[in-house]
Q: 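Before we start, here is the structure in question, set down as C-alpha cells.
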Protein chains: 2
Amino acid sequence: MSSRLPAFSGLTAFYAAVRNGTLTGAARSLNVSQPAISRRIAQLEADLGCALFDRSHKPVQLTDSGRELATALRSGFDLIETATDRIRRAAKGRVVTVSGPSGFVAFWLIPRLGQLQEACPGTIIRIISMEHGEPGRIGDVTVRFGAQDPSAQQEIKILGEEVFPAASPLYLSRIQTPLTPDEFSNKALLTMEGSRRYWYDWPSWFDAIGRPMPPAAQFIDFNAYAMVINAALAGQGICLCWSGLLDTFLDSGALVRLTHLSAASDRGYFMSLRDGGAARPEAIAVLNWIAQSGATPAPTAAGRLGEQH
Amino acid sequence: MSSRLPAFSGLTAFYAAVRNGTLTGAARSLNVSQPAISRRIAQLEADLGCALFDRSHKPVQLTDSGRELATALRSGFDLIETATDRIRRAAKGRVVTVSGPSGFVAFWLIPRLGQLQEACPGTIIRIISMEHGEPGRIGDVTVRFGAQDPSAQQEIKILGEEVFPAASPLYLSRIQTPLTPDEFSNKALLTMEGSRRYWYDWPSWFDAIGRPMPPAAQFIDFNAYAMVINAALAGQGICLCWSGLLDTFLDSGALVRLTHLSAASDRGYFMSLRDGGAARPEAIAVLNWIAQSGATPAPTAAGRLGEQH
DNA sequence: ACTCATCATAACCTCAGCGTATAATCCAAT
DNA sequence: ATTGGATTATACGCTGAGGTTATGATGAGT
C-alpha cells in the first residue's frame, strides 16, 4: 500500500466526527477524549493540506473536501467492514462451544479433547467450565448434572450417577489396605464445600449404602470438584468418585476404588443442544461424538439428534 | 464507524504482505522490522478468528479468508487513496510557493504577506527562504538577486540595487550624529560573512561613492542578511541598506539613513514564474501583485505576465 | 546434509499519542 | 447586550503500545 494513504487514526477520527456530528460525539463513540480527536483531525488536515471542517460554526461543518472524503471513507470502510464481518462469522461458524460442570470438563471432556478434535476436523472446540447454579445456557452444546427434566428439550444422558469412594496408592500406602467403609473412622474424607445436596456427599452416600456415617471422620473441604480430585491424587484423603467421570485415573491406577459398594441415583450428566433442531451441523457432530463416547451405553429415547430416516 | 472494523495497523500490515509477497517484504515497504509485521498480522488473525496466511509454506500463502480480505482491502484502500489524492492535489493547487533570498523574504515579502493574502483569497502562500548560491528554481514564483540575465525567461525587476548605510537611533544616541561616511573610522560596520561580491559590501560601497575605505573600521560579520539587520536594529552598528528592501524599518524610524550618498548598480531583485506561460492562474496572480507592489515602478518590457489582449 | 531466507517469539526500550487542565469561541436564551 | 453552556484548540506531563534487537525454528533449494 502506498504511503500516500493518510494515517488511519486521523481517518477514523474524522469519520467518527462526521457520523456523530461533533468532535465531542466522535470522542465518545471512539472512547477517547475530545482533545485526542481534535489533534488527530488536525494532523489529517495538515497531511491533506486543507481543512475538512469549517470551524467558523459550532459544531463544525464539513467543507467540500471534507464531504468528498467522508463519502470515500463511507464506501471504503463499508467494503472492509463487510468483508471482515463475513470472515469473522465464517470463523465463528467453525467454533463449537461446549459448556459443562467443572468436574466433567476437567476429568471427562478435556482428556478426550484430542480424540474429539480428530473426529471433528475443521471445528474449533471451545470449552467453558461452569459451576453449579450459574444461570442459563452457555455454548452450543451444554452439559448439566442433575435429575432428568421431563419438560426439558431433548437431552442425552451421557453418564449416570454411580458413586464410590477412592483414594490414591500413595494414601493407601500410609494406611492399611483394603479399607472398607466401616474403617473410615478417623480417615480424611475429601468433600465439596457448600454442597447443596444436588449430588452425593459423604452423609448421603453412607445413607444410600445402608451404613452409618463413621464417627470421628475428618472432613477436608474444597470449593471445586477438581480441587477435591487433585487433593486425592496427591494422597491427602479419600474422595467420592463418579463412575465414568474419573475412568482415566482409575484405569491408570492413579486412584483406587476402595469398595464394590456404590450409591446410585437416576441423576446424571445430561447433554443438549442450545439451539435444538436449529443447531449448526458442527454442533450436532460434536454432541454426537460426546454421546457415543459416554460411558452410559443407552441414550434417552430420543436417540441421536440430527439423524434422519 | 463501528468498532467492528479491525485495527488498521493490522490491515495495513496484512495488505503490505499481500502486495510484497512476504512478511519480510512488507516490513521493508512499511519501514518497520519483520517481527513488527508478524505481530500485527497475528493480532489481526486473533481478532478475525482465523488464519489469513497458510504458514506451512515459505513464504506464506493466502488462505481463502486471506484472499477475501485482500480483495476487500484493495478496493477499500483504493477508494480512500483516490479521494485523498484528489483532495491533496486540489489543496496543492491552492498553494503558491514563493522563494527568494532570505533578506528579501524577511524584510520585503513577509511584512507584506497580509496584504498579499487579502489580495489573493483562496490562495495559500508558501514561502521558501533561499541563500545565494543554492541551486535551481524552487517554487512557483522565484525571486533572485543579481544582474539582469538577457537569456533568461521573462523576468520582472521588482527592486533595483541602491545601497546606503543606516543605523538605529539607539546606535546613533551613543555616537555623535549626523555621521558622514568620512566619520566611519572606528565605527562598527556590520557585514555579511563570506561575501562573494555579488552585491555591495563595505569596500565596494566606498569605492562606488568615490571615497576611501575608512581606516580602523570594525567589522562584525554575520552569515545571513537578516542577522545583519537584526544586529543593526539592536544598535550594534552600521549596516548597508538596500533601498526598497527595508522601507518598513526606514519609514518607522527603526533605522535611520545616514547619508544621501548611495551606490547603485543595474543589479536588482528579479522575479519570474518557474512555469513561464504554463503557470497556474493562482501563481500568476501572486506574481502580479508582487510586481505592482514593488518599489521599482517600471517592469521589464514584457510587462505583466498572463495579461491578454 | 547444508545453507539461506523467512517467520515467530522473548526481552527491552522509548516516544507517539493519550488524558487533564484550561482558554477561546460560538450559539441560544434572556 | 449579556450570560451560560457546549464545543473546540492547545499546553503539559505521562505511559504503555508498538517499535527494535536477538535468536531459534522451519521450509526450500542445492
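Order of the sequence lines sets the chain letters (A, B, ...), proteins ahead of strands, with each chain counted from 1.
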Q: Which is more 5' along DNA chain C, the nucleotide nearest Q43(A) or the one nearest G25(B)? Just name the residue.
A: G25(B)
Q: With a strict under 4.0 Å distance from non-hydrogen atoms of chain B, what nucleotide opens and what nucleotide closes the contacted stretch of DNA chain D, reading 5' to 3'?
A: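 From 5' to 3', the first and last contacting nucleotides are dG19(D) to dA28(D).
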Q: Are L233(B) and S168(B) packed together at the side-chain level, in the sense that at least one heavy-atom pair is separated by less than 4.5 angstrom?
A: no
Q: Which whole-number value in Å describes the distance from R28(B) CZ to dC7(C) C1'?
A: 14 Å
Q: Between residues 58-65 of chain B and DNA chain C, which residues have a heavy-atom gap below 4.0 Å?
A: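 DNA chain C contact set from residues 58-65 of chain B: K58(B), P59(B), V60(B).
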Q: The criterion is side chain to side chain donor-acceptor pair (under 3.5 Å); which residues satisfy it with R28(A), sequence neighbours excluded?
A: none
Q: Are the side chains of W242(B) and F107(B) in touch, meaning some heavy atoms are under 4.5 Å apart?
A: no
Q: Using a 4.0 Å heavy-atom cut-off, does T22(A) contact any base of the nucleic acid, only the sugar-phosphate backbone, or nothing at all?
A: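 Since only primed, P, OP1 and OP2 atoms lie under 4.0 Å of T22(A), the category is sugar-phosphate.
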Q: Any non-hydrogen side-chain atom of F53(A) less than 4.5 Å from a side-chain atom of L23(A)?
A: yes
Q: Between F77(A) and F8(A), what is the ring plane arrangement, given parallel below 30°, perpendicular above 60°, and tilted in between?
A: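 Ring orientation, 0 to 90° scale: tilted.
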Q: Decide yes or no for I41(A) and E45(A): does some side-chain heavy atom of the first lie under 4.5 Å from some side-chain heavy atom of the second?
A: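 Yes; the side chains approach each other to less than 4.5 Å.
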Q: So do the side chains of L113(B) and I127(B) get within less than 4.5 Å of each other, counting heavy atoms only?
A: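 Yes. Closest side-chain heavy atoms under 4.5 Å.
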Q: Return the angle between end axes of the helix from dA1(C)-dT30(D) to dT30(C)-dA1(D), with five pairs used per end and rounding to 10°.
A: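 Overall, the helix from dA1(C)-dT30(D) to dT30(C)-dA1(D) bends by 50° from one end axis to the other.
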Q: Of the non-hydrogen atoms in L48(B) and P6(B), which two are nearest, and what is the gap between them?
A: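 Looking at all heavy atoms of both residues, the shortest contact is CD2-CG, 4.2 Å.
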Q: Using atom CZ of F53(B) as one end and atom P of dT6(C) as the other, report the distance to the nearest whole Å.
A: 14 Å
Q: Measure the distance from CG on N20(B) to P on dA5(C) and round it to the nearest whole Å.
A: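 In whole Å, dA5(C) P and N20(B) CG are 17 Å from each other.
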Q: For dC7(C), does either OP1 or OP2 sit under 4.0 Å from a side-chain N or O belonging to T24(B)?
A: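 For T24(B), the contact criterion (side-chain N or O under 4.0 Å from OP1 or OP2 of dC7(C)) is met.
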Q: Can you name the closest pair of heavy atoms from A26(B) and A16(B) and give their distance?
A: CB-C, 3.6 Å
Q: Could you check if a side-chain atom of L73(A) sits within less than 4.5 angstrom of a side-chain atom of T12(A), using non-hydrogen atoms only?
A: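 Of all side-chain heavy-atom pairs linking T12(A) with L73(A), none is under 4.5 Å.
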Q: I want to check something: taking the side chain as every heavy atom from C-beta on, are D85(A) and R89(A) in contact at a cut-off of under 4.5 Å?
A: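 Sidechains of R89(A) and D85(A): in contact.
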Q: Using a cut-off of strictly less than 4.0 Å between a heavy atom of the residue and any atom of DNA chain C, enumerate the qualifying residues of residues 34-42 of chain A by number.
A: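 Listed by number, they are P35(A), A36(A), R39(A), R40(A).
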Q: Using a strict 4.0 Å threshold on nitrogen-to-oxygen distance, state whether R126(B) and D140(B) make a salt bridge.
A: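 Salt bridge absent between R126(B) and D140(B).
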Q: Expressed as a whole number of angstroms, how long is the span from N31(A):CG to dG17(C):P?
A: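 The answer, rounded to whole Å, is 18 Å.
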Q: For F104(B), which residues count as a ring pair (Phe, Tyr, Trp, His ring centres under 6.0 Å) partner, sequence neighbours excluded?
A: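 F104(B) satisfies ring pair (Phe, Tyr, Trp, His ring centres under 6.0 Å) with W108(B), Y269(B) only.
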